Amino acid sequence: MLELKNLHKSFGSKSVLKGISASFKPGRVYGIVGENGAGKTTLFRCIADLLSFEGEILKEPADFNHHLGFLQTNNLLLPMMTGREYLRLLTRARHQTVDDFDQRNVFDLPLDEYARNYSTGMQKKLALLGVLLQGNQCLILDEPFNGVDIQSNIIIAEIIRELRRMGKTVLISSHIFSTLSDTCDEIHLLRDGRFVKSAGPADFADLEREMIRVTVGDRVARLGLM
Amino acid sequence: MCIGQVTVSLPQVKHYFQLQKTILDRHLRAWKILPWIAYVLAVVLFFGAGSQLYTRTGFAGYGVLVMGTWVLSLLSKRERNDFLSITFRRPVYRKIRLVENGIILLPFVLLLLFEGDWALALVQGVVGVAMSFLRISSSPTYTIPTPFGAYPFEAAIGFRRFWWLIGGAIFLLVMGVRADNMELAIFSYGGLMLLYLMFYQEPEPPFYVWIHANTPQQFLVRKLTVAAGYQFLLGMPFLATIFYFFPGVGWPLLIGPAVAALNLALTILIKYSNFPHPLNIIHSLALMAGLILWPLLLFLLPYYYQRALPILAIHLPGVDDQDHTTLSKLS
């Protein structure tokens with residue numbers, strides 16, 4: 001169980017999160033959607049205890065963080081480390097013994113090549129594979145669909161559904177609304193540091209319309225293309 | 001045309017090096033050292049250490065050559081050179097690379113000349129010019145096999161980055177055996193162990209600590225165990241060779257691996273006592289003290305162990321779940 005109570009986060013005088021409250025339950029997939037700079041990554045880093053914050057984050061069980069997987073937007077891959085070694089490092093760090101990496105390499109990555117030489121999409125897939133093989137109970141996936149080819153997007157969406165069936169808690173952020181509406185049970189719209197709207201599947205279409213209305217506004221007209 | 005190019009490029013080259021000096025001075029001041037003192041100390045230490053090396057072994061010249069080449073390799077990194085070649089026109093870029101290699105090599109060449117190693121000084125100069133044309137990729141396409149891949153990552157990455165220096169140490173060992181020079185053989189082992197310490201000095205991104213489901217104590221014990229195991233694996237062939245070919249060396253040689261292991265522990269503890277920031281001048285001095293004055297390790301090891309624990313508690317997840325609001329996480 002993961003619950004946020006009145007979460008605030010500031011960087012100097014700049015307030016990024018302004019009182020976020022939400023509850024995330026096992027067996028459900030939550031989407032966080034918002035513009036660049038809305039605070040999605042900051043929120044995730046607070047949950048992962050990678051940033052200090054004000055407010056409260058309740059986590060159960062006590063060793064919740066030891067079962068938390070975090071796919072970051074930018075993967076910090078070390079030089080001259082192969083994909084296989086990266087996966088080995090991640091799984092061993094969580095006391096998982098995984099030997100059949102080739103069998104589990106669902107994205108057909110060249111595991112014996114240096115991960116730094118992978119394309120952006122391949123690096124993302126490697127990082128996701130690592131987080132999945134750790135056997136985490138809660139997964140934070142920051143932009144899992146970004147830079148990934150369409151075939152892999154389909155696989156990732158199916159993996160997320162499987163994680164839900166397994167009773168895991170999944171938090172996803174994405175700029176692409178359709179990828180969230182396909183996989184999520186609940187979507188929170190994060191704007192200016194607050195959850196301004198939360199919707200279940202029945203209201204996803206309304207939420208998307210609301211997003212378009214606020215995001216696009218009169219911007220296209222202001223271009224004066226006509 | 002040629003004269004015109006020179007007059008146009010000289011201010012750019014000058015500005016580049018002035019900027020480098022400004023940046024270096026900033027680093028030194030950040031370490032609370034007056035730049036001119038650092039420069040004088042660097043010269044004195046370099047030539048002092050070089051003279052010491054020459055008094056201890058007849059193969060010191062090769063060591064100086066390898067060291068100089070290694071320093072040059074740092075300037076030859078592909079990312080850095082790509083940036084310079086994009087930023088400056090080709091003739092300016094070429095001049096910058098030649099001049100900076102010249103500046104770096106000057107003390108090495110002077111030391112070699114001072115010690116009468118004329119041929120090696122010439123080789124060092126030629127290497128310097130050649131390496132100004134070289135771009136070394138930090139992540140080459142060919143995967144270098146490593147015996148340290150089972151428990152990533154420091155030893156595996158270090159082996160791949162510095163395999164050629166390990167090859168140099170093997171060369172010195174073979175030379176020592178062939179010339180029946182026990183000191184050179186022991187020097188090659190010492191050099192190898194110093195190189196191995198370098199694998200563990202650079203802090204990794206905090207994510208690579210965060211992923212561990214360990215307490216700080218468990219994390220350190222695990223890190224130290226793997227590091228010491230691989231250190232033993234790397235050094236054992238050298239030790240076995242020395243014992244086999246120089247049986248007279250006796251048990252005092254066993255002090256070597258013990259001291260190497262303790263200094264490795266110190267390196268790791270110091271790194272995590274300042275994590276995720278790189279080592280500062282105080283840490284470097286502590287490392288040097290551990291290498292030179294072994295009894296100090298008895299004080300340095302527990303001291304930095306105690307310093308590393310609270311820093312790791314900040315970066316490891318789940319060790320202080322009780323009070324999130326007062327946590328001061330470094331990002």
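Hydrogens, waters and symmetry mates play no part in the numbers below; they use all other heavy atoms, side chains included. What you are looking at is a predicted structure, and each value in this text was computed from that prediction instead of being measured.
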Shortest non-hydrogen separation from [X] to [Y] and the atoms involved:
X	Y	answer
A:M80	B:R160	O-NH1, 2.9 Å
A:L89	B:I211	CG-CD1, 4.2 Å
A:L78	B:F153	CD1-CD1, 3.4 Å
A:R94	B:A213	CD-CB, 3.8 Å
A:M81	B:P152	CE-CB, 4.3 Å

| field | Euclidean distance, A:L76 CG relative to B:E204 CD, rounded to 0.5 Å | value | 11.5 Å
| request: First locate atom CD1 of B:I144, then atom OG1 of A:T82, and finally report the distance between them rounded to the nearest 0.5 Å. | output: 12.0 Å
| Side-chain contact, heavy-atom cut-off 4.5 Å: A:E85 with B:T146? | yes
Count the heavy atoms of every other residue, nucleotide or ligand shown that sit under 6.0 Å from [atom1] of [X], and state whether that count exceeds 12.
X	atom1	result
B:F88	CZ	yes
B:Q20	CD	yes
A:N74	CG	no
B:R26	CZ	no
A:K25	NZ	no
B:W164	CH2	yes
B:F133	CZ	yes
A:R191	CZ	yes

| request: Would you sort out whether B:I157 and A:Y114 count as a side chain to side chain contact (heavy atoms under 4.5 Å, CB included), showing the intermediate values? | output: CA-CA 10 Å; B:I157 291 174; A:Y114 294 139; over 6 Å; no
| task | List the steps, then state whether side chain to side chain contact (heavy atoms under 4.5 Å, CB included) holds for A:H95 with B:H212. | result | CA-CA 9 Å; A:H95 311 295; B:H212 287 86; over 6 Å; no
| task | Step by step, work out the side chain to side chain contact (heavy atoms under 4.5 Å, CB included) result for A:Y86 and B:Y208. | result | CA-CA 10 Å; A:Y86 178 82; B:Y208 286 87; 3.5 Å; yes
| request: Answer yes or no for A:R88 and B:Y151: cation-pi contact, defined as NZ/CZ to six-membered ring centre under 6.0 Å and angle to ring axis within 45°. | output: no
| Side chain B:R161, main chain A:P79, donor-acceptor under 3.5 Å | no
| message | If we ignore hydrogens and angles and just use 3.5 Å, is the side chain of B:W210 paired with the main-chain N or O of A:F70 as donor and acceptor? | response | no
| Checking heavy atoms, do the side chain of A:L77, its backbone, both or neither come under 4.5 Å from chain B? | both
